[in-house]
Q: 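Sharing a structure here in structure tokens format.
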Amino acid sequence: MSAESKDAPAPAPASNFIRQLVEADLKAGKNGGRVMTRFPPEPNGYLHIGHAKSICLNFGIAKEFGGVCNLRMDDTNPLKEDQEYVDSIKNDVRWLGFDWEQRFYHASDYFGRIYDIAVNLIADGKAYVCDLTEEEVRKGRGTVTEPGQESPGRKRSVEENLDLFTRMKAGEFADGKYTLRAKIDMASPNMKMRDPPLYRIRHTSHQATGDTWCLYPLYDFAHALSDAIEGITHSICTLEFENNRELYDWFIQHCRPLENRPQQIEFARLALTYTMMSKRKLLLLVQEGHVRGWDDPRMPTIAGIRRRGYTPEAIRDFAEKIGVARANSTVEFGLLEHCVRDDLNQRCARVMTVLKPIKLVIENLPENETIELEAVNFPEDAAKMGSRKLPFTRELWIEREDFMEDPPKQFHRLAPGKEVRLRWAFFVKCTGVIKNEAGEITEIRGTYDPTTRGGNAPDGRKVKGTIHWVSAKHAQDAEVRLYDQLFTVADPTAEVEGQDWRQTLSKTSLEVIHDAKIEAHLSGAAVGAQFQFERNGYFCVDPDSKPGKLVFNRTIGLRDSFAKAMGPKKE
RNA sequence: UGGGGCAUCGCCAAGUUGGUAAGGCAUCGGGCUUUGAAUCCGACAUUCGCAGGUUCGAGUCCUGCUGCCCCAACCA
């Protein structure tokens, strides 16, 4: 625990306008020195990496300034919400490393109080029952350049409004018959202030409150009140709610009884290249079977990237690195990958696994001889994870890509007449290949130099390349799933005329290898265990694994400057 | 066209009484190397959307312009 605190001191968090604002509020003694934030997702889908940014921000700010952060389900629309989503949200936030303690709430917890406040608003002449249809309301709202028309309901008496609202709650009216609207200003240049709806009738049972209610408050009303009721001091949301702030403040000012004065602050939501963040479209990917589910490792959902092998530490680091600002921006996916590699590099034991195997026969090693070698599990710090024994035998698996019959000069791997080091083992020189009738190489032949045991030549002879291998006799088969971007374009969000967004879905985002060769000792690895397959990347054990047949997900490949220098791969 | 926002290196992003452009990612060199990984060293904005103005001095102040985002769901 305390061992890590003696490491290099954490760098001071980057400056951002929200931290500065909270700091200034604290200094000014605002809110009695209290800091309370909240993360308020609507349980209508799974959380994604964009939500992770918000979670880190809200819980992070609270923790940093000695405050707390609530987890609240913003469940005001029973048509879209589901218990499955609330479960997944709690699970994901917890997994990311944040704790709401006992402060898990629902906007629906406050339906009773919100209703009472609405009644007060009516009594104060600041809200009225409107009998316009949805269509009429839309038309009556005007446009951005023209003022709207006042609803006839605006002239209703307080008594009649109260009576109607009571009957709306009692279930006397069908969906859409009436709404409750705030009486603000139909000519406001801010469309959000043109008598916004507060309540609509919906005879639908609710995920949390069942059939208790048949009318439900709308977002603006319920959200501002929920914040005030909980005592939120800083209500952090994304930029698209900027126009709603004036309305938020109106509610805070005119509703009673309300004790607190929360402040809404907006920041730019996360956008990532090659990534779709729309909840609606992510749902379609799941429903239409383009992916295997919300937790498909190709999905940008927390559940997906968790299964993929991304760690909470990497995601938190990413959230810190991207910063917080008010300018819309799109972060390169490569930054997230950097954070993941950076974290995994420090925690994963190294093992050798051959993904696309070809046999290498050591001609000068007898059939039944086994040489036992030792391999360090974490070469950066040999003491950290110990070592393991490796059997070296006549028949080995090596990576197909590590052999070329007619290589370019920069190729440091195996080729006829060339010598390479087999990691932790010996120098091996290729003596030839065996081909089938089709002319395909089926086997590579070579000889090992017994004096180079461990990988160093006593004569000081150097070798350019080191490749990984596994004893064919001892290797176990495993399934390995290689992932690539789900979309082929950097901005899958861009609307292209005549083209459906699904057309940018990649056909090669998943490649399954059924016969990868793994070191025998790996066969006992637990689901979720993570390793670096040397020279191949970071991998984790997938829950689909069965006894005797492990399934690995490639979390992320290693950086590959050679491939980069050689140009794009043909695959 | 009304209102609300935003514009600093390829991508993020600091820059707050105006004082002479942080950092990260990416990229490019080089060292080291039993992972072409990691790591280490070095390079990388005379310039802050554009045009004027104020000032000894402006990314920071003023004026005008341009571009992009958001708002006309009984969604959030």
Side-chain angles (χ1 to χ4, degrees), chain A residues 11 14-17 20 24 40-42 44 74 76-77 79-80 130 132-134 137-148 175-176 178-181 188-194 196-202 215-216 218-220 222-223 237-246 266 268 273 279-280 320-339 341-342 345-346 350 352 375-376 379-380 410-413 421-425 427 452 454-456 463-468 532-537 557-566:
Chain A
S15 169
N16 72 49
F17 77 100
Q20 290 170 9
E42 181 187 14
N44 67 343
D74 208 346
T76 56
N77 186 355
L79 258 25
K80 295 184 177 175
C130 173
L132 261 25
T133 63
E134 206 171 331
V137 167
R138 196 177 313 128
K139 286 202 174 114
R141 188 137 35 217
T143 70
V144 291
T145 52
E146 302 161 313
D175 290 6
Y178 290 113
T179 55
L180 182 72
R181 291 226 257 165
S188 171
N190 180 352
M191 301 294 293
K192 297 290 184 197
M193 299 298 278
R194 321 248 263 223
L198 268 30
Y199 268 97
R200 79 289 219 186
I201 299 171
R202 277 245 224 281
L215 78 174
Y216 296 93
L218 279 109
Y219 165 81
D220 288 292
H223 196 86
C237 63
T238 46
L239 246 30
E240 62 271 29
F241 293 102
E242 238 168 332
N243 299 312
N244 302 241
R245 188 174 64 237
E246 190 180 354
E266 313 87 20
T273 57
K279 265 190 184 180
R280 191 182 69 82
E320 187 56 40
K321 280 189 161 70
I322 57 178
V324 180
R326 288 179 63 87
N328 285 115
S329 63
T330 301
V331 176
E332 288 177 345
F333 198 84
L335 179 59
L336 213 207
E337 296 186 324
H338 161 80
C339 294
R341 286 195 186 99
D342 194 43
N345 177 44
Q346 304 166 52
R350 273 59 172 168
M352 292 196 287
V376 177
E380 292 273 278
Q410 318 97 297
F411 190 76
H412 296 164
R413 285 111 86 156
R421 171 167 40 232
L422 292 183
R423 174 140 245 229
W424 307 118
F427 283 10
T452 58
N456 290 301
V463 98
K464 276 279 190 50
T466 299
I467 66 174
H468 57 278
Q532 185 198 96
F533 289 178
E534 285 193 283
R535 303 208 308 134
N536 272 324
L558 260 25
R559 288 188 52 169
D560 191 348
S561 58
F562 178 67
K564 199 173 297 173
M566 297 303 280

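Order of the sequence lines fixes the chain letters, A, B, ..., with proteins taken first and strands second; residue numbering starts at 1 for each chain.
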Q: Could you tell me the separation between the CG atom of Asp342(A) and the P atom of rG24(B), rounded to a whole number of Å?
A: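 One finds 12 Å between P of rG24(B) and CG of Asp342(A), rounded.
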
Q: Of the nucleotides rC25(B), rG5(B), rA76(B), which one has an atom closest to the side chain of Arg326(A)?
A: rG5(B)

Q: Regarding Phe411(A), tell me which of base, sugar-phosphate or nothing describes its non-hydrogen contacts under 4.0 Å with the strands shown.
A: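 Base, at least one base heavy atom under 4.0 Å.
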
Q: With centres under 5.5 Å and planes under 30°, do Phe562(A) and rG36(B) count as stacked?
A: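 It does: the ring sits over the base of rG36(B).
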
Q: C1' atom, rC61(B) versus rG18(B): distance in rounded Å?
A: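 Looking at atom C1' only, rC61(B) and rG18(B) are 8 Å apart.
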
Q: I'd like the C1' distance from rG24(B) over to rU20(B), given in whole Å.
A: 24 Å

Q: Is there a Watson-Crick or G-U wobble partner for rU39(B) with both distances under 3.5 Å, and if so, which one is it?
A: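 Answer to the pairing question: rG31(B), which forms a Watson-Crick or G-U pair with rU39(B).
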
Q: Between rA13(B), rA76(B), rC74(B), which nucleotide gets closest to the side-chain atoms of Ala325(A)?
A: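 Closest of the options to the side chain of Ala325(A): rA13(B).
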
Q: Has Thr143(A) got a side-chain N or O lying under 4.0 Å from the OP1 or OP2 atom of rG2(B)?
A: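 Answer is no, no contact under 4.0 Å.
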
Q: Would you indicate what Leu198(A) reaches in the nucleic acid, counting non-hydrogen atoms under 4.0 angstrom: base, sugar-phosphate, or nothing?
A: nothing

Q: If you check the Lys80(A) side chain, which of rA76(B), rG36(B), rC75(B) turns out closest?
A: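 Minimum distance to the Lys80(A) side chain belongs to rC75(B).
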
Q: Under 4.0 Å between any heavy atoms, over every strand shown, what does Val144(A) touch: base, sugar-phosphate, or nothing? Just pick one.
A: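 Base, at least one base heavy atom under 4.0 Å.
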
Q: Counting only side-chain N and O atoms of Lys279(A), is one of them less than 4.0 Å from OP1 or OP2 of rC75(B)?
A: no

Q: Only pairs with both distances under 3.5 Å count, Watson-Crick or wobble alike; so what is the partner of rG67(B) in this structure?
A: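 Base partner found: rC6(B).
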
Q: If you take atom types as modelled and just measure distance, does the side chain of Glu332(A) reach the base of rG10(B) with a donor-acceptor pair under 3.5 Å?
A: yes

Q: Using atom CG of Asp220(A) as one end and atom P of rA76(B) as the other, report the distance to the nearest whole Å.
A: 8 Å

Q: Heavy atoms only, 4.0 Å cut-off, all strands: where does Tyr216(A) land among base, sugar-phosphate and nothing?
A: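 Counting heavy atoms under 4.0 Å across all strands, no contact is made by Tyr216(A).
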
Q: Choose from rC75(B), rC12(B), rG4(B) the nucleotide whose nearest atom is closest to any side-chain atom of Glu242(A).
A: rG4(B)

Q: Respond yes when some side-chain nitrogen or oxygen of Arg202(A) is under 4.0 Å from OP1 or OP2 of rC75(B), and no when none is.
A: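 Yes, Arg202(A) has a side-chain N/O under 4.0 Å of OP1/OP2 on rC75(B).
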
Q: Rounded to the nearest angstrom, tell me the gap between atom CZ in Arg181(A) and atom C1' in rC74(B).
A: 10 Å

Q: As a test of the definition: with a 90° window around 0 for syn, would you call rA72(B) syn or anti?
A: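 Here rA72(B) takes the anti form, which means its glycosidic angle is more than 90° from 0.
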
Q: Tell me whether the side-chain N or O atoms of Gln532(A) pair up with the base of rU35(B) as donor and acceptor below 3.5 Å, since no angle test is needed here.
A: yes

Q: Search all heavy atoms of Met191(A) against all heavy atoms of Gly142(A) and return the closest pair with its distance.
A: CE-O, 4.0 Å

Q: Are any non-hydrogen side-chain atoms of Leu558(A) and Asn536(A) less than 4.5 angstrom apart?
A: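 No, their side chains stay 4.5 Å or more apart.
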
Q: Just checking Ser329(A): base, sugar-phosphate only, or nothing, at a heavy-atom cut-off of under 4.0 Å?
A: sugar-phosphate

Q: If you compare every side-chain N and O of Arg535(A) against the phosphate oxygens of rU33(B) (OP1, OP2), does one of them come in below 4.0 Å?
A: no

Q: Atom OG1 of Thr76(A) and atom NE2 of His223(A): how far apart are they, to the nearest 0.5 Å?
A: 10.0 Å

Q: Please state whether the base of rG3(B) and the side chain of Asn243(A) form at least one donor-acceptor pair under 3.5 Å?
A: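 Answer yes: a donor N or O sits under 3.5 Å from an acceptor.
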
Q: I want to verify a distance call: between rA76(B), rG2(B), rG36(B), whose nearest atom is closest to the Arg413(A) side chain?
A: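 Selected nucleotide (nearest to the side chain): rG36(B).
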
Q: Can you name the closest pair of heavy atoms from Tyr216(A) and Tyr199(A) and give their distance?
A: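 Closest approach of Tyr216(A) to Tyr199(A), heavy atoms only: C-CD2, 3.3 Å.
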
Q: Quick check for you: among rU35(B), rA73(B), rA76(B), whose closest atom lies nearest to any side-chain atom of Arg141(A)?
A: rA73(B)

Q: Write down the distance separating the P atoms in rU17(B) and rC62(B), rounded off to the nearest Å.
A: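 Between the two P atoms, the distance is 15 Å.
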
Q: Describe the nucleic acid contact of Glu42(A) in one word from base, sugar-phosphate, nothing, applying a heavy-atom distance below 4.0 Å.
A: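 Contact class for Glu42(A): sugar-phosphate only.
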
Q: Can you tell me how far the CZ atom of Arg421(A) sits from the CG atom of Asn456(A), to the nearest 0.5 Å?
A: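 Answer for the CZ-CG pair, Arg421(A) versus Asn456(A), is 6.0 Å.
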
Q: Applying a 4.0 Å non-hydrogen cut-off, can you work out what Leu239(A) is touching in the nucleic acid: base, sugar-phosphate, or nothing?
A: nothing

Q: Would you classify Thr330(A) as touching base, sugar-phosphate or nothing, given that sugar-phosphate means primed atoms plus P, OP1 and OP2, and contacts are heavy atoms under 4.0 Å?
A: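 Contact class for Thr330(A): sugar-phosphate only.
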
Q: Can you figure out which of rG36(B), rG24(B), rA72(B) approaches the side chain of Lys321(A) most closely?
A: rG24(B)

Q: Give none if rA76(B) has no partner; otherwise give the nucleotide forming a Watson-Crick or G-U wobble pair with it, both distances under 3.5 Å.
A: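 Partner of rA76(B): none found under 3.5 Å.
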
Q: Between atom CG in Asn328(A) and atom P in rC70(B), what is the gap in whole Å?
A: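 Going from CG in Asn328(A) over to P in rC70(B) covers 8 Å.
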
Q: Glu380(A) has a side chain; which of rG3(B), rA38(B), rA76(B) sits nearest to it?
A: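 Out of rG3(B), rA38(B), rA76(B), the nucleotide with an atom closest to Glu380(A)'s side chain is rA38(B).
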
Q: Roughly how many Å is it from OH in Tyr178(A) to C1' in rC74(B), rounded to a whole number?
A: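 Roughly 15 Å, once rounded to whole Å.
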
Q: With a 4.0 Å cut-off on N to O distance, would you call Lys80(A) and Glu42(A) a salt bridge?
A: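 Salt bridge absent between Lys80(A) and Glu42(A).
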
Q: What about Arg559(A), does its side chain sit under 3.5 Å from the base of rG36(B) through a donor-acceptor pair?
A: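 Such a pair does not exist between side chain and base.
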
Q: Phosphate oxygens OP1/OP2 of rU35(B): is one of them under 4.0 Å from a side-chain N or O of His468(A)?
A: no

Q: Indicate, with a heavy-atom threshold strictly under 4.0 Å, whether Asp175(A) touches base, sugar-phosphate, or nothing.
A: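 Since no nucleic acid heavy atom lies under 4.0 Å of Asp175(A), the category is nothing.
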
Q: What is the nucleic acid contact for Thr76(A), judged by heavy atoms within less than 4.0 Å: base, sugar-phosphate only, or nothing?
A: sugar-phosphate

Q: NA contact type, Asn536(A), heavy-atom cut-off 4.0 Å: base, sugar-phosphate, or nothing?
A: nothing

Q: Starting at CZ of Phe17(A) and ending at P of rA13(B), how long is that distance when rounded to a whole Å?
A: 11 Å

Q: Which part of the nucleic acid, if any, lies within contact of Val324(A), taking any heavy atom under 4.0 Å across all strands shown: a base, the sugar-phosphate backbone alone, or nothing?
A: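 The residue Val324(A) makes sugar-phosphate contact but no base contact.
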
Q: Would one find a side-chain N or O of Ser15(A) under 4.0 angstrom from OP1 or OP2 of rG15(B)?
A: yes

Q: For residues Phe427(A) and Gly455(A), report the shortest heavy-atom separation together with the two atoms involved.
A: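 Reported closest heavy-atom pair: CE1-O, 3.3 Å.
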
Q: Hey, are the side chains of Lys321(A) and Val331(A) touching, using non-hydrogen atoms and a 4.5 Å cut-off?
A: no

Q: So if I take every side-chain heavy atom of Leu558(A) and compare against rA14(B), rU35(B), rC71(B), which nucleotide ends up nearest?
A: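 When the side chain of Leu558(A) is considered, rU35(B) is the closest of rA14(B), rU35(B), rC71(B).
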
Q: Might you work through the side chain to side chain contact (heavy atoms under 4.5 Å, CB included) test for Leu239(A) and Asn328(A), ending with a clear yes or no?
A: CA-CA 8 Å; Leu239(A) 246 30; Asn328(A) 285 115; 4.0 Å; yes

Q: Once you apply a heavy-atom cut-off of 4.0 Å, does Gln410(A) come out as touching a base, just sugar-phosphate, or nothing?
A: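 Base contact.
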
Q: Please report, rounded to the nearest Å, how far the P atom of rA37(B) is from the CH2 atom of Trp424(A).
A: 17 Å

Q: Please indicate yes or no: is the ring centre of His412(A) less than 5.5 Å from the centre of the six-membered base ring of rG36(B), with the two planes inclined by under 30 degrees?
A: yes

Q: Nearest of rC74(B), rA38(B), rA76(B) to any side-chain atom of Asn345(A)?
A: rA38(B)

Q: Just how far, in rounded Å, is C1' of rA76(B) from CZ of Arg280(A)?
A: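 After rounding, the gap between these two atoms is 14 Å.
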
Q: Using every non-hydrogen atom in the two residues, find where Ala327(A) and Ala268(A) come nearest and quote the distance to one decimal.
A: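 Taking Ala327(A) first and Ala268(A) second, the nearest heavy atoms are O-CB, 3.3 Å.
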
